[in-house]
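Reminder, nothing fancy here: chain letters follow the sequence lines and each chain counts from 1.
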Amino acid sequence: MTLLDVKDLRVSFGETRAVDGLSFSLERGRVLGLVGESGCGKSVTSLAVMGLLNGATTSGEIWFDGQELLGSDRRAVRRLRGDRLAMIFQDPLSSLNPYYPVGFQIAEAYRAHRRTSRKQARAIVVRMLDRVGIPEAERRARDYPHQFSGGMRQRVMIAMALCLEPELIIADEPTTALDVTVQAQILALLDTLRAEYGTAVLLITHDLGVVAGTADEVVVMYGGRAVERGEVHALFEDPREPYTRRLLAAVPRIDRPVPDRLETL
Amino acid sequence: MALGAPLITALTGQSPTEFHPEAIDPALGGLPKGPWGGISAEHPLGVEPATGRDVLARVVWGARLSLLISLLATLLATTIGTVLGLVAGFQGGWADMVIGRLMDLLMSFPSLIFMIALMSVAPDGNRELMLVAVLGLFGWPYIGRIVRGQAMALAGREFVEAARVLGATRRAILFREVLPNLTGPILVVATLSIPGYIATEAGLSFLGVGVRPPTPSWGQMIASAVPWYAADPVYFLVPGLFLLVTVLAFNVVGDALGDLR
Amino acid sequence: MIVYLLKRLGAAAAILLVICALTFTIFYIAPDDPAQKACGKACTPERIEQIRDQLGLDTPIPEQFASYVRGIFAGRTYGTGSTAVECPFPCLGFSFQTNVPVQELLVSRLPVSASIAVGAAVLWLLVGVGAGVLAALRKGSWWDRTAMGAALGGISLPIYLTALVLQYLLVVVFEVLPYPRAVGLLEDPAGWFASMLMPWIALAALYAGMYARLTRTELIGVLSQNFVRTARAKGLPERTVVRRHALRPTLTPIVTVFGMDLGALLGGALITESVFGLPGVGKLAADAINSSDQPVILGVTLFAAAFIVFANVVVDLLYAVLDPRIRLGAS
Amino acid sequence: MTPLLEAEGLVKRFPMRHPLTRRVTGHLTAVDGVSLTVRRGETLGLVGESGCGKSSTARLITRLAEPTGGTIRFDGRDITTMGEATLRPVRRDLQMIFQDPFSSLNPRMTVEAILSAPFRYQGLKPEPGQIAELLRRVGLRPEHAERLPHQFSGGQAQRIGIARALALHPKLVVCDEPVSALDVSVQAQILNLLRDLQEEFELSYVFIAHDLGAVRQVCGRIAVMYLGTVVEIADRDELFAHPAHPYTAALLAAVPIPDPRIERARPRVVLSGDLPSPANPPSGCPFRTRCPRAAERCALERPTLAEGAPGHRVACHFPLDTSLGLSRDGARRAGPRPAKGAP
């Protein structure tokens, strides 16, 4: 069943077109990778789905579980946000408010959509922090973002995104700011939790390796459009579009003999 | 128009000087003849009560002096602030500590009271230059602090490291690499500090320790209008509005420069 | 932390000492003879000699300065024998004009300055920060442009002009307010309010402009931060996003600027008090300067500097309290 | 022939200060006894994750930072404590390329000025046409000389940075993360360019990156760093085929490969935990807190770099002796990642 259906999305900031007629759809519980180089419009797309674009002209349709979001009133979209569709951002340090303890920031997300006492919310926060692998969750909930490492902060963001068990998570470059070994941890965690909650994921990344290991389907973007889309194995094994092929060839891979020169676009 | 205003006043300021047309004075209280502070064809902005001096001439002459003093003070403060701010921010360590302390000290002065105290005991010689010196002395730390912060930020930029790797001397880095990147912010801060100096100079003259009486100045004119303000409001409004418009003009220009960047 | 506080206070004291020394020296390079000043008009050479002796003006300048500083901490006695005058801690000397101890003058003038400063501060915080927040939230709107234009006008207003215009309109023309006079808040609250209203407005017009501009810039900056986007992504109502997530980081730097401004004003609003004829610390300074009352000038300078310097320390501590990153240190 | 660069026991310690009180609260050891040699004409790679000290090492080698301890010999001379004036002529031979292509170019200078700076700061003058020739060599056009940095793309800006480093025909170029701010396609161009220029100018590189793929593409020998120390150093092919340090193995295993079949079938070692703070490093082996093979000895005794195979040195009490060593071991611990989504 289709959970998210984006039809002919166009976003522009003044004269610049960031997204130029993009369409894709995502089934429940599946992972869709949106890949492309910087400026291809992938992040703008994610913000458009969340209704978080400011000062942009948007047209097209974004259907979420049978509800069109672009045309809906702001309050209805706001109610969905955080509850049924949640987001994980690239830079966890700047994405958390430095003035409040992380536990408060997670509880706040929960209480924005569910009527609960502070105490109940607190218990849920501790459970979530524990669930994402933060040791001593009870104590750490009172700590501030700057007291965590990069990987731990991203775990906090994941706990925040998952605390209401949303149907869709949009992860915008969730591991780009992290080191490879920590990236592996976070990807593994996301994968486990996603499977457990049955959450669909829209994964936005520039890293073809991350997509290869995580996504079920892939949309390759260039200049605000989808240049190629397909099931992950098919796309990587037999890319149809020259752009996709060259993009793949440009990555220096550690599992193949070292080429004399890398393919360039 | 706001930009042109100070320029125009300065230009027309060349012609009229102070006069004492006693004729305009009625013996009764020394108030100017006629309504609106004695505005007439001869005296488009009225005359001074008691002396009958032409207000326009005095305002315009006052403008010349106010602008000259504040521009010179800005130049002085900007030069000191830029050089010391650059050195403090870029060199760090010992130099930064000394300069930082000096700025702390100067900014802790109740500067107005201190300036007044200083000006009140200052010799009568060249009070205009004295004003410039005092305004510059207390003004530079504000520019210095901003330049220091910017220089610190730039010192960590890779192009500065690149220059170091190329073997550039400290001075070359400061003046060739760092300073050109600071001209924009310095220009904005300097422009925005001009109105402050105009207002402070007027304030000092208002309090009677700035420019001495025969020489006209806006602050001094307003001060001498205080006893008359109830009977002859035009007399304090004229220099007051000139002051306001000039200060506003510089603020608008500074603001616009800041937005451009 | 305690060590830090002590260090800061030590540095503050050092700054005050330097300011004191500089102010002190200025009067000795001045052409006026302090003894002549202290003596007044009806003066004989013998009398001058006596005063000279009593004030210790014959001793070298560093020594005079030392006894002045000692007097602040331990009190001092001027002269000897029958002419000895006791000046208790914290001694700042006697006014040449009135022979009243300077510290008593300062204490008696402080309530007026404090009334002006605190009242004006409340006014400008309400108006300035309020206008700035609204302008930032409706960036580019009609309100934003009007408020920012007004703010620019406000910061361009010379305080004596505002003061005179206010007084002319409200007192002379429309007769809605009395001429300001020094009334205690407790003796006559209504009279106090009526007297203080004009100084408040005059000062607040200037500061509200500055605060409106500062608040707007800060808030616009904060609103573009990633954590505000996160707050929106959680589905929080916009009001909560602004109030909880944007205002707190916006107000932190404003609080520090405010501390400094209030500190400076408590040491006397010189021009405002002079124009309205209100006997605060600033008026005291203005009068002392006109009559070359050196001990008073010195006293006021130190007093005002002390407020600025200590406001500086308080503001730094406040910053640490408000910002958890500083309070708790880096990880 | 003597090696071009010999760094011996380099240490860099920074005092850490409280943000408000400025009191020194401890010391952060960014580089903790690093010894490296760069032979003439080779490319030495430095890899590791953030905070491992690779960039600090680069800054020590180029004397942008003062070492707390150790010595640096460049081209036969000890440059560790040389003053700026004595060092100036040495700098002609010792250049650097930076990470951020825009930050590394002065925004107020034209390309012409940027590329004449190396000559000017050395008291020289570029010959007519030399700037144009430099531009051509890095794949730009002579008319680009009049433009300002912001008029270029990231890749072009990085080419200008490269041209500047090469202007004086240096012997060694330290490249600090030169491609990590660039998109893959641009990254490939720059990597190719660096390789071409190496041949043309007979350059040696120290190439610093966190991306193992990029490092493998350009480096002959690779040193792996962790928490301020070199934990393993070997020839490229040897290192990738037979990683001996558990950290190297984990690093290799964590690199995502753009092939879903391999990526999903591959046993993955997920290192637990985070990098310890360089201000408070663990006792003994710095990696022991995250190491799957850690034993009692690792907490007590710090392993030193020891030669296993010729030219392959590793600092570990329990090195992996075969190429499969850790992956098998790790597979048992972490289990294979469930392949999913396959139709």
Side-chain angles (χ1 to χ4, degrees), chain B residues 82 85-104 145-189 257-258 260-261, chain D residues 22 55 58-59 61-65 82-110 113-124 148-149 157-158 160-165 167-168 170 172-174 176-178 181:
Chain B
T82 302
L86 264 183
V87 171
F90 193 75
Q91 198 94 330
W94 179 82
D96 186 25
M97 214 184 74
V98 172
I99 295 170
R101 285 285 137 84
L102 191 62
M103 294 199 285
D104 279 351
R145 197 167 52 168
I146 291 165
V147 173
R148 174 180 173 270
Q150 301 266 347
M152 271 171 97
L154 285 173
R157 290 276 293 273
E158 285 177 350
F159 71 82
V160 171
E161 306 227 301
R164 285 179 60 199
V165 167
L166 292 169
T169 58
R170 244 175 239 283
R171 188 189 308 186
I173 293 175
L174 266 186
F175 292 99
R176 276 180 175 273
E177 304 275 347
V178 177
L179 191 57
N181 284 285
L182 290 178
T183 46
I186 291 173
L187 190 68
V188 173
V189 184
L257 276 176
L260 273 183
R261 289 184 39 78
Chain D
R22 315 295 308 147
S55 283
R59 292 170 47 82
I61 294 171
T62 48
R63 284 290 313 275
L64 278 174
M82 255 184 203
E84 269 306 320
T86 345
L87 198 57
R88 190 159 300 125
V90 179
R91 289 205 179 281
R92 288 185 203 181
D93 293 331
L94 178 55
Q95 278 303 306
M96 189 155 175
I97 298 168
F98 298 87
Q99 173 173 3
D100 183 337
F102 290 106
S103 173
S104 68
L105 303 179
N106 193 331
R108 292 290 165 133
M109 285 188 180
T110 59
I114 288 169
L115 294 183
S116 344
F119 301 95
R120 194 173 58 231
Y121 291 144
Q122 289 289 341
L124 306 169
L148 287 166
Q158 195 58 297
I160 297 167
I162 293 171
R164 172 177 59 191
L168 299 169
L172 178 66
V173 178
V174 176
D176 186 9
E177 302 260 14

Asker: Donor-acceptor check, side chain of D:Asn106 to backbone of B:Phe159, threshold 3.5 angstrom: yes or no?
Answerer: no
Asker: For the CG atom of B:Leu182 and the CZ atom of D:Arg108, what is their distance to the nearest 0.5 Å?
Answerer: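 Output value for this atom pair is 9.0 Å.
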Asker: Between D:Glu84 and B:Arg164, is there a side-chain N and carboxylate O pair less than 4.0 Å apart?
Answerer: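 No, D:Glu84 and B:Arg164 are not salt-bridged.
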Asker: Could you pull out the closest heavy-atom pair between B:Ala162 and D:Ser104, with the gap in Å?
Answerer: CB-O, 4.2 Å
Asker: Shorter than 4.5 Å, heavy atoms on both sides: which option in D:Thr62, D:Asp100, D:Val174 has the most such pairs with chain B?
Answerer: D:Asp100
Asker: Could you tell me which portion of D:Leu94 (side chain, backbone, both or neither) has an atom closer than 4.5 angstrom to a non-hydrogen atom of chain B?
Answerer: backbone
Asker: Which atoms of B:Arg176 are under 4.5 Å from chain D, going by heavy atoms: the side chain, the backbone, both sets, or neither?
Answerer: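 Backbone plus side chain of B:Arg176, per the 4.5 Å heavy-atom cut-off to chain D.
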Asker: What option among D:Gly161, D:Pro107, D:Pro170, D:Ala85 has the most heavy-atom pairs under 4.5 Å with chain B?
Answerer: D:Pro107
Asker: Say you draw a straight line from CD of B:Glu177 to CE of D:Met109; how long is it, rounded to the nearest 0.5 Å?
Answerer: 3.5 Å
Asker: One pair to check against side chain to side chain contact (heavy atoms under 4.5 Å, CB included): D:Arg120 and B:Leu166. What are the steps and the verdict?
Answerer: CA-CA 9 Å; D:Arg120 194 173 58 231; B:Leu166 292 169; over 6 Å; no
Asker: Indicate yes or no for a side-chain donor-acceptor contact from B:Glu158 to the backbone of D:Leu105 under 3.5 Å, with no hydrogens or angles considered.
Answerer: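 No.
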Asker: Is atom CZ of B:Arg157 surrounded by more than 12 heavy atoms (other residues, nucleotides or ligands) closer than 6.0 Å?
Answerer: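 More than 12 within 6.0 Å, yes.
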Asker: Among D:Met96, D:Gln95, D:Gln99, D:Arg164, which residue forms the greatest number of heavy-atom pairs with chain B at distances under 4.5 Å?
Answerer: D:Gln95
